[in-house]
Amino acid sequence: MKEYKRYTLTAALPYANGPIHFGHLAGVYIPADIFARYLRGKSLDIIFVCGSDEHGVPITIKAKNEGVSPQDVVDKYHSLNKESFERLGISFDIYSRTTSPVHYETATEFFKTLYNKGEFIEKTTEQYYDPEAEQFLADRYITGTCPRCGNENAYGDQCENCGSSLNATDLINPQSMISGAVPVLKETNHWFLPLDKYEAFLKKWILEDNKHWKPNVYGQCKSWLDGGLQPRAVSRDLDWGIPVPVKGAEGKVLYVWFDAPIGYISATRELTPDWEKYWKSEDTRLIHFIGKDNIVFHCIVFPAMLNAEGSYILPENVPANEFLNLEGDKLSTSRNWAVWLHEYLDEFPGKQDVLRYVLCANAPETKDNDFTWKDFQARNNNELLAIFGNFVNRTMVLTHKYFGGKVPAQAELSDFDHEVLEQFEKSKQAIEKSLDTFRFREALKEAMDLARLGNKYLADTEPWKIFKTDPERVRTILNISLQLTANLSILFDPFLPDTSSRLRKMIDLKNFSWADGGRKDLLEVNHLLNQPELLFERIEDEVIEAQLQKLKNNKLDNENKALVSEPSKSAVSFDDFGKMDIRVATILSAEKVAKTKKLMKLLVDTGIDKRTVVSGIAEFFEPENLVGQKVCILLNLEPREIKGIQSQGMILLSENADGKLFFVEPRPEAVNGSMVK
RNA sequence: GGCGAGGUAGCUCAGCUGGUUAGAGCGCAUGAUUCAUAAUCAUGAGGUCGGCGGUUCAAGCCCGCCUCUCGCUACCA
C-alpha cells in the first residue's frame, strides 16, 4: 500500500433531531474510534473529526411540532450527543456542528467556488408556495389527500397510510401546514450538481481504482453507477440552513446533503489552522466511517463535489458497515425500537467498555447483525469477566499472595514459557493486520485470545501447587503472566480504553505506546504492583430482564398507537357519493403482472360487461384462489394504463394496520351488476 | 420485477487467488482443577456449507437456474 504521512478520519455526522442509539455505535462510531486510537497509539499524525448535522427539513418539522425553534432542537441534541460520545470514550479530536460560523464560511466558499467555475446548472421549476406565510413549502410541509389510497392526511413526500412516495403536486386538496392556506404553484429556480457529468470520472475512480473497498460498498456503488446518475438539486426554498451565496437567492438555502459532508472540512478548520494538509495533500489518507445508508453520499456525491471543487483529495476508503437489529427487529426511531446511548450510560454506569466490547464483537461488518441483551450478558460474563478479568485477577492475587505484589524475576525458561512470550508479538501483529483491513471483530478476538492463553498458561503450569516445592518456577510463571497482563493493557487499549487504563494503574505501567505491545519486559523485576481490583462485574439476569421488559413496554405502546384509526374524512354531498358507480362483480380469472411485485391483472364479470382491472394485491393473494371471488368494483373510475395494461375500475378492499388487504365481499346472493349504494 | 449484499454447527460468525478428514467463540455433554468474580483448563457430540444442475482430477469457494433474508429501485387507481 501507498505510504501515507497523515490520516484524516471522519465519522458520519449524526443528525441532530434525536439521540444516538446502538445501531449508530456498532456501525460507525465504535469502529471509527478503535481505528483512531490504534493509529494514535502508533504515534501517527491523525485527526478524527465529527459533529452534528443540524440543517434540513426534518429538524424544522420537529421544532414546529414541539413549538420551539430549530436552533433549540439542534442545541438540545448536539449537547446530548456530544456528551454521550464523550462518556462512551469516543475520542473525537473535535465534535463540531454545522451551525457553527466556520461551517457557514466553509460551505459558502465551497459553493461559491463551484458556482464560479460553472459547475452548477440552474433550473426553474414549479413548487408549492404558501401565499399567507410568503414562503415556499417543503414537501413535508404540505398535507392533502393521497391520490392512491384516499388518506386525507398524506404528506407531500409520502403517504404514511399506504406507504407510497409522492410528489407534493400529486396531492388532492393540498394544504399548507404552516398557515393552513391553499398553496399555489409558483416558479422558483435552483442550482443542480450535474452528477451525470462526473459519471466517467466516478466509474474509473471507484470501479477501477478502488477495487479494494468492501464488497458491500463496492457493489452498492456499482449499482448506482450502472443505473446512471442524475443532476441533484443543491439548493432548497427553506429558511433553515446556509443561505445560497448568490444574488437573487433570497429565501434559498443549501440543501442539507450538500452542506453536511462539508462539515468534516469545517470541523478540521475549527480544529487546526493547519487544516489544509489534512484535506488537500496527496500523502494524506482520508477515511470515512459510515453506515450503509450513507454509501451513495460518501462514495459518489461527496467525491463528485470534491472533484468538482478541484483542490481536495478523495477518500482512500469508506469502510461502511451494515445495520444492527435489536432483538430480531429492525431498529426504528419512530417506533422507539432502539437502545439509546444516553440511557444505557445512565443505567450501566462504568460499563461503557462492556458496550464497546459487545458492539465491536458483534458489529455488522459483512451483513446485518442482531443485538440481543442475552448476548450482551453472555459476552460480559463469559468473555470479559471470565476470560480477561479473571486472568488478570488470578495473576494479581497470586503475585500479591506469594511475592507481596512485587514483580518476581524469571529463572530458566521452559518451551511453553518461550511459546507464551513469543505469542505477545504474534498477537500484536495479528491485531494490526486485522485493524489495517477494518476487521474489528477479528482484531478484538485476537486480543481476547491472548487473555485466553494466559488462563491456559496458569492452568497448565499450576503455580499454586508447586509454590512450596519450587518457588523459583513460580517466580518465572508469574513474571510471564504479568508481562502478558501488561501486554493486554496495551493491546486492548484501542477497544477498551477505560478498562485498559484501569489495568495500567493496577500494574502501575506508565509511558506506554502501541509500539510497546509485544514486548516481553514491560514490567521490571521488583516493580511494585497496586492492589488488584475487579475489571468487570457480573451482570445478573434481573438486569437483563429489566431491559427486555423495557423494550416490551415500548413495543406494547407502539401496538396501541397503531390501533388508532384514521379520523373521519370531511363530509361529501349525496350527489358526490351518487356519482360513484359501485357494483357487485365476480373475478373470472387472475394472473400476476410480470415484473412487478404487487400487481395482479384481473378479469371481472361486472354484469354489464367483462373488463380488465389491475390491482395491487399480488402480495396477499394467489391467482388460483381469486377465481370466483365476489367483489365490489368502482366501475366509473377513469381508466388508466398500468404496466401497459388498461385498468378499467378499482376493486374495493379494506386494509389493516399491518397493511393486510381484505376484499369488501358481497353476500353470495348478490348478483353481478347490482348497484352498491 | 431490476440492481446490490447475504444465506456455513443450537446461537454469533471465519473460511484469502477452488486442493487432503469444513473452522472459531458462545451454548451443550463429560472429565480435570480450586490461584481466581461458581470463574478456569481439557476432551467430545453437533454441519447433505439454502436447493437443483453444470465446469473440473478436485467446489463452501467458479458458472446457470431456483429459493429465503436485508437494502436501493419500479409498480399500487
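So you know, we letter chains A, B, ... as the sequences are listed, proteins then strands, and number each from 1.
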Would you be so kind as to tabulate the donor-acceptor pairs closer than 3.5 Å made by side chains of residues 444-452 of chain A, with sequence neighbours excluded?
unit_1	atom_1	unit_2	atom_2	d
Lys445(A)	NZ	Asp449(A)	OD2	3.1
Asp449(A)	OD1	Arg452(A)	NH1	2.9

Donor-acceptor pair, Ser647(A) side chain versus Val613(A) backbone, under 3.5 Å? no
In dot-bracket, 5' to 3', how would RNA chain B read with Watson-Crick or G-U wobble pairs under 3.5 Å, [ ] for crossing ones and | for pairs to another strand? (((((((..((((.....[...)))).(((((.......))))).....(((((..]....))))))))))))....
For RNA chain B, determine which residues of residues 351-362 of chain A have any heavy atom closer than 4.0 angstrom to one of its atoms, and list them numerically. Asn362(A)
Could you run through nucleotides 31-41 of chain B and give me one letter per nucleotide, 5' to 3': B if any protein heavy atom sits under 4.0 Å from the base, S if only the sugar-phosphate is that close, - if neither? --SSBBB-SSS
What class does the angle between the rings of Phe492(A) and Phe388(A) fall in, given that below 30° is parallel, 30 to 60° is tilted and above 60° is perpendicular? parallel
Counting C-beta onward and ignoring hydrogens, is there a side-chain heavy-atom pair between Trp464(A) and Arg394(A) closer than 4.5 Å? yes
What distance, rounded to whole Å, do you find between the two P atoms, one in G46(B) and one in A9(B)? 15 Å
Below 3.5 Å between N/O atoms, which protein atoms pair up with nucleotides 4-10 of chain B? Just atom names and distances, please.
unit_1	atom_1	unit_2	atom_2	d
G4(B)	O2'	Gln220(A)	N	3.3

Asp609(A) meets the salt bridge (charged side-chain N to carboxylate O under 4.0 Å, His left out) criterion, sequence neighbours left out, with Arg611(A)
Base, sugar-phosphate or nothing for Lys445(A)? Non-hydrogen atoms, less than 4.0 Å. sugar-phosphate
How many Å lie between CG on Leu229(A) and P on C3(B), as a whole number? 18 Å
Does Arg441(A) put a side-chain nitrogen or oxygen below 4.0 Å from OP1 or OP2 of A14(B)? yes
Remember a base hit wins even if backbone is also touched, and classify Ser615(A) as base, sugar-phosphate or nothing at under 4.0 Å, heavy atoms. sugar-phosphate
Between G71(B) (P) and Leu324(A) (CG): distance, integer Å: 14 Å
Taking atom P of C26(B) as reference, at what distance in whole Å does atom CZ of Phe376(A) sit? 18 Å
Residues passing the side-chain hydrogen bond (donor to acceptor under 3.5 Å, both in side chains) test with Thr437(A), sequence neighbours excluded, are none
Among all residues two or more places apart in sequence or in another chain, which pass the side-chain hydrogen bond (donor to acceptor under 3.5 Å, both in side chains) test with Lys214(A)? Asn321(A)
Using atom CH2 of Trp224(A) as one end and atom C1' of A74(B) as the other, report the distance to the nearest whole Å. 13 Å
Taken to the nearest whole Å, CD/Glu327(A) to P/U12(B) is 12 Å
Which word best sums up how the rings of Phe371(A) and Trp373(A) line up, parallel for under 30°, tilted for 30 to 60°, or perpendicular for over 60°? perpendicular
In whole angstroms, the gap separating C1' of U12(B) from CZ of Arg379(A) amounts to 6 Å
Taking only residues two or more places apart in sequence, or in another chain, which ones meet Phe323(A) in a ring-ring contact (aromatic ring centres under 6.0 Å, His included)? none
Listed pairs under 3.5 Å, donor-acceptor, residues 351-360 of chain A side chains, sequence neighbours left out:
unit_1	atom_1	unit_2	atom_2	d
Lys351(A)	NZ	Glu537(A)	OE2	2.8
Asp353(A)	OD2	Asp498(A)	N	3.1
Asp353(A)	OD2	Thr499(A)	N	2.6
Asp353(A)	OD2	Thr499(A)	OG1	2.6
Arg356(A)	NE	Phe495(A)	O	2.8
Arg356(A)	NH1	Asp33(A)	OD2	2.9
Arg356(A)	NH1	Leu88(A)	O	3.2
Arg356(A)	NH1	Gly89(A)	O	3.1
Arg356(A)	NH2	Asp33(A)	OD2	2.6
Arg356(A)	NH2	Pro494(A)	O	3.1
Tyr357(A)	OH	Glu383(A)	OE1	2.6

Is any side-chain heavy atom of Phe302(A) closer than 4.5 Å to one of His288(A)? yes
Just to verify, what does Lys406(A) make a salt bridge (charged side-chain N to carboxylate O under 4.0 Å, His left out) with, not counting sequence neighbours? none
Kindly say whether Asn325(A) contributes a backbone atom to a donor-acceptor pair with the side chain of Asp329(A) at under 3.5 angstrom? no
Can you tell me how far C1' of A24(B) sits from CD of Glu383(A), to the nearest Å? 11 Å
Rounding to an integer number of Å, can you tell me how far Lys601(A) NZ sits from G1(B) C1'? 17 Å
Considering every strand and a 4.0 Å limit on heavy-atom distances, what is the contact class for Val613(A): base, sugar-phosphate, or nothing? nothing
Any chance CZ of Phe536(A) has more than 12 other-residue heavy atoms, nucleotides or ligands included, within less than 6.0 Å? yes
Do Glu199(A) side-chain atoms and Gly228(A) backbone N/O form a donor-acceptor pair below 3.5 Å? no
Between N or O atoms, less than 3.5 Å apart, protein on one side and nucleotides 49-51 of chain B on the other: list the pairs.
none

Whether Gln629(A) side chain and Thr586(A) backbone form a donor-acceptor pair below 3.5 Å: no
May I ask you to decide if Gly328(A)'s main-chain N or O and Asp370(A)'s side chain share a donor-acceptor pair within less than 3.5 Å? yes
